[in-house]
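Accompanying notes for the structure given below.
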Protein chains: 2
Amino acid sequence: MRGEQTPRLREALEDDIVSGRLRPGQKLDEVGLAERFGVSRTPIREALIQLSASGLIEIRPRRGAFVALLGPRELLESFELMAELEAACARLAAQRMGAADRATLAGALAACGAAVASGDSCAYYSANAAFHAAIYAATGNRVIHGEALRLQRALQPYRRLQLHVPRRMETSLAEHEAIMAALSAGDGMEAAERMRAHVLVQGERFMALLAALQAEAEALAAPG
Amino acid sequence: MRGEQTPRLREALEDDIVSGRLRPGQKLDEVGLAERFGVSRTPIREALIQLSASGLIEIRPRRGAFVALLGPRELLESFELMAELEAACARLAAQRMGAADRATLAGALAACGAAVASGDSCAYYSANAAFHAAIYAATGNRVIHGEALRLQRALQPYRRLQLHVPRRMETSLAEHEAIMAALSAGDGMEAAERMRAHVLVQGERFMALLAALQAEAEALAAPG
DNA sequence: GTCAAGAATCTTGTATGCAAGATATATATT
DNA sequence: AATATATATCTTGCATACAAGATTCTTGAC
């Protein structure tokens, strides 16, 4: 038996959550997970604690672990934090971006364009994440890069719900292109401002979607 | 035996680290900690995992847990993140601050002034933390507030080393007053810009101090 | 038939035991 | 004497065991 199960378990669970296989609010049973992964509860618990620290799950004492289910307020606040953090990344990237960063960024933007052209919202989903991640990396600041990635992952399950909002991809792509232009021009302020708006509007659009879904759910629940 | 040891242990260890009783780089022995707190290794391990997630300690697989010891690069990068995050807080606080927030902030600023007047750098240390925390709170965004506090704590052990830099308190207080003025005027851009500079300069001053200390240590080590 | 109280069951939190990797020590070799 | 190697010891990572709080089911009263 070789050591270090916990990282593997953490990654597997993280993947399940980010990819949507585990839904927000769902309970994570320690014994069940232990059996599924063929380990004891100990490394499972350690992985769960790590995930709770990164915001993907919530542990309620004596009640168990649940895939994080952000309420409307917390969700809006998280998107606001993301917007501020990404705006900072854009500003720093505009100042420091090197040739390699520029190439990576251009590639990610091209992938976004291709996804829009083919109408593949799933491809856009990951190309979008790569575009944003390329900006984090272009700050040259690994601490900021890591924090931004962590937050991006924590919000991923919610972004997923947005995939099919009409014309979302097109407007998002246009915003990406404007951000790219500001970055290429070295205009940090402009890039930051556009990035902030880009992320904030996602949060607001998402809030509207959430409200609609909740109204729908209540309408279904009440008469039944 | 009542449940829930882990939170207590986490807080106690966090306090030991933030207060400086445990030095950066120091090893944390699981058995030793377990004996000291009168518990088994299990809750100790869980507390250590949580602390590693918040950045206060570092766990190296099969090697053990150590109080986080940031290298120069990571430290500068962390201060840069802090500067961006606090700048965002200042901007949001300028827009949203209510009467209660304003009063808390004024109180914290007064405490900073009193500490400078009496030359009590230890009192300034905590009044300074309270001033910054009041700004996080004034954003009205609990997620941002929590992240800012977490990062503040993670950097606290390093700020502590800076306590006795000559005239540090006076310049810091002057910067606080300028930030307060911008906040009161509702000038978010100005407040953000001043806050960013305030935090960045701390990071740079700290780097200089660290370099001096390292040079001193090497000078002592080489000839002996 | 609904609701409340109590018992049975389940799940979590902590303790303990054991195996494997890491560190320290002793020995041998050059 | 210094270095490399083998061995002993220590520490971590994981499995298992058990106790206490949470949940569910049953039973009784209204």
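Reckoned from all heavy atoms, side chains included, excluding hydrogens, waters and symmetry mates. This one's a predicted model, so the numbers in the text were calculated from it and none came from an experiment. Every chain is numbered from 1, with letters handed out A, B, ... down the list of sequences.
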Rounded to whole Å, CZ of B/Arg63 lies from P of D/dC10 at a distance of 19 Å
- Polar contact flag, side-chain donor to acceptor under 3.5 angstrom, B/Arg8-B/Gln5: yes
Checklist line | Check ion pair A/Glu80-B/Arg96 (N to O, under 4.0 angstrom) | finding: yes
- Query: Taking the side chain as C-beta and beyond, is there a heavy-atom pair between B/Leu33 and B/Val39 under 4.5 Å?
  - Reply: no
Looking only at C/dT14, D/dG13, C/dG13, the nucleotide nearest the B/Arg62 side chain is D/dG13
- Does any non-hydrogen side-chain atom of A/Val143 lie less than 4.5 Å from one of B/Glu74? yes
Taken to the nearest whole Å, CD1/B/Ile57 to C1'/D/dT12 is 14 Å
Residues in residues 39-49 of chain B with a heavy atom under 4.0 Å of DNA chain D, by number, are B/Arg41, B/Arg45
Closest to the 5' end of DNA chain D, once B/Gly64 and A/Gly38 are matched to their nearest nucleotides, is B/Gly64
With sequence neighbours left out, the residues meeting ring pair (Phe, Tyr, Trp, His ring centres under 6.0 Å) with A/His198 are A/His132, A/His176
Rounded to whole Å, CZ of B/Phe37 lies from P of C/dT14 at a distance of 14 Å
Self-check item: B/Arg60 side chain near C/dA22 phosphate (N/O to OP1/OP2, under 4.0 Å)
Solution: no
| message | With a 4.0 Å limit, can you tell me whether A/Lys27 has a side-chain N or O closer than that to the phosphate oxygens OP1/OP2 of C/dT12? | response | yes
*Side chain to side chain, B/Glu84 and A/Leu85, heavy atoms closer than 4.5 Å*: no
In the structure I gave you, are the side-chain heavy atoms of A/Arg21 and A/Asp15 within less than 4.5 Å of one another anywhere?
yes
Whole-Å distance, B/Gln5 CD to D/dA19 P, equals 17 Å
Here the distance between atom C1' of D/dG21 and atom CD1 of A/Ile59, to the nearest Å, is 17 Å
Taken to the nearest whole Å, CZ/A/Arg8 to C1'/D/dC14 is 12 Å
A/Glu35 atom CD is separated from C/dC10 atom C1', nearest whole Å, by 13 Å
note: A/Glu4, atom CD; D/dA15, atom P; distance rounded to Å ~ 12 Å
Looking only at C/dT12, C/dT14, D/dC14, the nucleotide nearest the B/Thr6 side chain is C/dT14
